[in-house]
*Asks:* 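Take this structure first; my questions come after.
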Amino acid sequence: MPKSILIDTTVCTGCRGCQVACKQWHNLPAEKTKNMGSYQNPQDLSFNTYKLVRMNEQIINGRLEWLFFADQCRHYLDAPCLETAFDKNAIYRDDATGAVQYTKQTKKLDADEITGSCPYNIPRQAPDGTLAKCDMCNDRIHNGLQPACVAACPTGAMQFGDRDEILELAGKRLAKARKKFPKARLLNPEE
């Protein structure tokens with residue numbers, strides 16, 4: 001059964017605990033950044049940043065609202081990058097978890113083609129040509145642990161489990177969210 005991560009943006013506080021946990025678990029270096037007029041930092045995903053809490057300030061009904069979204073690979077059921085690669089040594093799906101995995105062999109692929117195939121522009125390229133992205137902490141899952149980002153979430157905005165269970169939970173949370181936000185929707189639940 002494939003695994004899934006639910007990100008409920010209605011309860012995310014933008015603490016970035018998930019972002020830090022991802023960096024720590026994968027031993028990814030910090031990036032030099034600068035203030036761009038937002039609390040979002042860094043400004044985008046990179047080869048060294050697999051998860052990013054995007055922050056957007058908007059005036060809604062005359063009130064300032066901070067909107068947060070934890071951006072990372074969605075591990076599609078029909079992953080376009082996997083279909084584009086045609087190289088199971090470079091990009092493959094883990095049978096036990098459903099997580100789409102990138103290897104050092106991605107260096108041999110056309111990075112622009114792989115990144116261009118992703119509707120969310122997620123994979124990023126290192127200077128040596130290798131591609132990287134969220135791996136759903138596949139090593140943690142195989143050892144009975146949750147992904148680091150989910151384990152670090154203090155508000156329960158992130159949930160992890162079997163896909164069917166997560167879709168059921170998403171439906172319940174969506175029904176609750178629609179009471180306050182009538183236009184609330186699931187982001188591509190069939191992916």
Side-chain angles (χ1 to χ4, degrees), residues 1-9 11-12 17-19 21-28 45-54 69-111 113-126 130-153 155-174 185-191:
M1 161 85 45
K3 304 291 185 185
S4 290
I5 297 174
L6 169 68
I7 303 171
D8 183 345
T9 59
V11 294
C12 177
C18 58
Q19 187 174 310
C22 178
K23 281 236 184 235
Q24 288 178 332
W25 182 256
H26 292 94
N27 198 27
L28 296 169
L45 296 168
S46 75
F47 185 80
N48 291 314
T49 300
Y50 301 164
K51 182 172 197 78
L52 176 66
V53 176
R54 296 195 182 275
F69 180 73
D71 199 9
Q72 67 190 67
C73 178
R74 275 60 157 191
H75 297 276
Y76 282 94
L77 292 178
D78 294 317
C81 63
L82 185 58
E83 295 172 15
T84 303
F86 299 116
D87 184 346
K88 301 292 183 202
N89 293 316
I91 302 175
Y92 68 94
R93 180 179 308 284
D94 180 77
D95 292 333
T97 65
V100 177
Q101 303 295 297
Y102 279 31
T103 73
K104 291 180 182 179
Q105 297 300 314
T106 57
K107 186 186 221 179
K108 299 176 185 176
L109 302 177
D110 181 339
E113 185 178 19
I114 300 299
T115 301
S117 73
C118 177
Y120 297 103
N121 189 32
I122 297 296
R124 295 298 195 268
Q125 188 176 27
T130 306
L131 291 167
K133 63 166 197 64
C134 164
D135 62 3
M136 203 189 286
C137 289
N138 210 39
D139 53 344
R140 289 178 59 91
I141 297 168
H142 280 281
N143 284 289
L145 300 170
Q146 295 182 329
C149 59
V150 175
C153 183
T155 65
M158 299 187 71
Q159 298 290 317
F160 173 78
D162 289 338
R163 182 171 176 73
D164 292 344
E165 293 170 359
I166 292 298
L167 287 174
E168 183 179 334
L169 177 60
K172 289 177 183 174
R173 290 218 178 159
L174 179 61
R185 64 182 178 83
L186 292 177
L187 180 61
N188 300 319
E190 298 306 316
E191 295 170 352

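Position 1 is the first residue of the sequence, and the numbers go up from there.
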*Asks:* With rounding to the nearest 0.5 Å, note down the distance linking CD in Gln101 to NE2 in His75.
*Replies:* 7.0 Å

*Asks:* Without swapping roles, check the side chain of Thr9 against the backbone of Phe69 for a donor-acceptor pair under 3.5 Å.
*Replies:* no

*Asks:* How long is the straight-line distance from CG of Leu131 back to CD1 of Ile122, given to the nearest 0.5 Å?
*Replies:* 12.5 Å

*Asks:* Rounded to the nearest 0.5 Å, how far does CZ of Phe86 lie from CG of Leu109?
*Replies:* 11.0 Å

*Asks:* What's the separation between atom CG in Leu77 and atom CG in Leu82, rounded to the nearest 0.5 Å?
*Replies:* 11.5 Å

*Asks:* Taking Asp110 for the side chain and Glu113 for the main chain, is one N or O donor matched with an acceptor at less than 3.5 Å?
*Replies:* yes

*Asks:* Using modelled atom types and a 3.5 Å cut-off, is there a donor and acceptor pairing between side-chain atoms of Lys3 and backbone atoms of Ile141?
*Replies:* no

*Asks:* Any donor and acceptor pair, going by atom type alone, linking the side chain of Thr130 with main-chain N or O of Ala126 inside 3.5 Å?
*Replies:* no

*Asks:* Looking at Arg124 and Leu45, would you say the former's side chain and the latter's main chain have a donor-acceptor pair under 3.5 Å?
*Replies:* yes

*Asks:* So does Leu145 get a backbone contact from the side chain of Asn143, meaning a donor-acceptor N/O pair under 3.5 Å?
*Replies:* no

*Asks:* Going by the rule side-chain hydrogen bond (donor to acceptor under 3.5 Å, both in side chains), which residues pair with Asp139 if we only count those two or more places apart in sequence or in a different chain?
*Replies:* Trp25

*Asks:* Return the CD1 to CG distance between Ile166 and Asp164, rounded to the nearest 0.5 Å.
*Replies:* 10.5 Å

*Asks:* What closest approach, in Å, do Ala96 and His142 show between heavy atoms, and which atom pair accounts for it?
*Replies:* CB-CE1, 3.6 Å

*Asks:* Please name the pair of heavy atoms, one in Val53 and one in Gln19, separated by the smallest distance, quoted to 0.1 Å.
*Replies:* N-OE1, 2.8 Å

*Asks:* For Cys22, which residues count as a side chain to side chain contact (heavy atoms under 4.5 Å, CB included) partner, sequence neighbours excluded?
*Replies:* His26, Tyr50, Lys51

*Asks:* Checking the side chain of Lys107 only, and the main-chain atoms of Ala90 only, is there a donor and an acceptor separated by less than 3.5 Å?
*Replies:* no

*Asks:* Under the 3.5 angstrom rule, does the side chain of Arg93 hit a backbone N or O of Tyr76 as a donor-acceptor pair?
*Replies:* yes

*Asks:* Kindly compute the distance separating SG (Cys149) from CZ (Phe160), expressed to the nearest 0.5 Å.
*Replies:* 9.5 Å

*Asks:* Just by distance, do the side chain of Thr106 and the backbone of Thr103 share a donor-acceptor pair under 3.5 Å?
*Replies:* yes

